[in-house]
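What you see below is based on every heavy atom in this structure, not just the backbone, and it leaves out hydrogens, waters and symmetry mates.
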Amino acid sequence: MTFQSNIRRASSYQSIQKNSRVLSANPYDLVAVLFAELRDSLDVMIESARRKDHGKMFEYRARALSILNGLDESLDFEAAGDLAQTLHAIYTEAGRRIQAEIGASFIERAESAREMLHEIEKAWMAIAPSR
């Protein structure tokens with residue numbers, strides 16, 4: 001068994017585990033999964049930018065923006081009112097920072113977006129429904 005086959009097997013296991021988690025999740029848990037995926041994508045994007053691995057950085061930036069767009073589209077403005085408006089504004093600003101031009105301040109902007117979104121993730125986790 002080669003090292004590469006071990007990596008593929010581990011990656012496949014993680015994918016199956018994630019898919020199982022999503023399939024059995026309630027709406028609250030699905031949003032929690034999205035926040036975790038967003039955080040992980042931003043971490044990889046920022047680390048790739050530090051290493052100047054632009055291919056991987058762009059891949060994970062696209063993934064992060066897609067997740068962020070999904071979270072934004074799931075907002076219920078009628079039911080959540082001002083909270084939905086506030087989250088929309090935060091998601092929009094975070095997206096703007098993530099899409100910043102690659103340059104000297106890109107990593108700082110991306111880190112600030114990650115921190116903004118992490119605060120929302122922590123708040124979401126704090127309101128977990130009773131199990």
Side-chain angles (χ1 to χ4, degrees):
M1 202 176 303
T2 67
F3 179 71
Q4 286 295 354
S5 66
N6 285 341
I7 290 174
R8 274 190 233 107
R9 191 171 289 117
S11 178
S12 177
Y13 175 76
Q14 288 173 339
S15 179
I16 290 168
Q17 183 181 26
K18 188 184 313 177
N19 288 341
S20 296
R21 193 170 145 206
V22 167
L23 290 174
S24 65
N26 61 41
Y28 170 84
D29 291 334
L30 287 175
V31 173
V33 168
L34 287 174
F35 275 122
E37 287 293 313
L38 178 58
R39 179 179 15 89
D40 292 346
S41 294
L42 289 171
D43 287 346
V44 174
M45 180 194 79
I46 291 167
E47 185 54 37
S48 298
R50 282 191 180 109
R51 291 191 325 262
K52 298 187 184 335
D53 182 348
H54 295 296
K56 193 170 189 177
M57 191 271 312
F58 284 120
E59 174 187 347
Y60 281 89
R61 176 162 80 172
R63 179 182 283 178
L65 289 169
S66 176
I67 294 167
L68 190 57
N69 187 50
L71 287 167
D72 190 50
E73 288 180 356
S74 72
L75 295 173
D76 185 341
F77 291 92
E78 288 182 29
D82 289 343
L83 176 59
Q85 290 291 341
T86 300
L87 288 172
H88 174 70
I90 292 169
Y91 293 159
T92 300
E93 178 60 22
R96 190 180 69 72
R97 292 177 188 195
I98 292 166
Q99 292 182 58
E101 193 172 316
I102 306 302
S105 65
F106 173 75
I107 292 172
E108 288 176 16
R109 288 178 181 217
E111 287 174 334
S112 68
R114 180 182 57 191
E115 288 305 312
M116 292 167 54
L117 296 166
H118 186 65
E119 289 300 315
I120 296 170
E121 179 185 13
K122 289 189 308 189
W124 185 258
M125 300 309 286
I127 62 168
S130 302
R131 304 221 178 231

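S41 contributes atom OG, which lies 5.0 Å from atom CZ of R63 (distance to the nearest 0.5 angstrom). In this structure, the separation between CD on E121 and CZ on R39 is 4.0 Å, given to the nearest 0.5 Å. Between the CD1 atom of I107 and the OG atom of S112 there is a distance of 12.0 Å, given to the nearest 0.5 Å. Taking CZ of F106 as the start and CD of Q99 as the end, the distance is 10.0 Å to the nearest 0.5 Å. Atom CD1 of I46 is separated from atom CZ of R109 by 13.5 Å, given to the nearest 0.5 angstrom.
When all heavy atoms of A113 and I98 are compared, the closest pair comes out as CB-CG1, 3.9 Å. Closest of all the heavy-atom pairs between A64 and L38 is O-CD1, 3.4 Å. Heavy-atom minimum distance, L34 versus I67: O-CG2, 3.4 Å. Closest approach of A32 and M125 over heavy atoms only: CB-SD, 3.9 Å. Between M116 and A94 the shortest heavy-atom distance is CE-N, 3.9 Å.
Residues L71 and L117 form no side-chain contact, since every pair of their non-hydrogen atoms from C-beta on lies 4.5 Å or further apart. With contacts defined as side-chain heavy-atom distances shorter than 4.5 Å, the pair E119/I90 does not qualify. Side-chain contact between D72 and L68 is absent, with no heavy atoms from C-beta onward closer than 4.5 Å. For the pair M57 and R51, the minimum side-chain heavy-atom distance is 4.5 Å or more.
Identified under the ring pair (Phe, Tyr, Trp, His ring centres under 6.0 Å) test for residues 40-81, with sequence neighbours left out: F77-H88.
Under the 4.0 Å criterion applied to side-chain N and carboxylate O atoms, R50 and E47 are assigned as salt-bridge partners.
A donor-acceptor pair is defined here as one N or O able to donate and one able to accept, closer than 3.5 Å; no such pair exists between the side chain of R61 and the backbone of M45. Within the 3.5 Å criterion, the main-chain N or O of W124 finds a donor-acceptor partner in the side chain of Y28.
The 12-atom threshold is exceeded at CG of D76, counting heavy atoms of other residues, nucleotides or ligands nearer than 6.0 Å.
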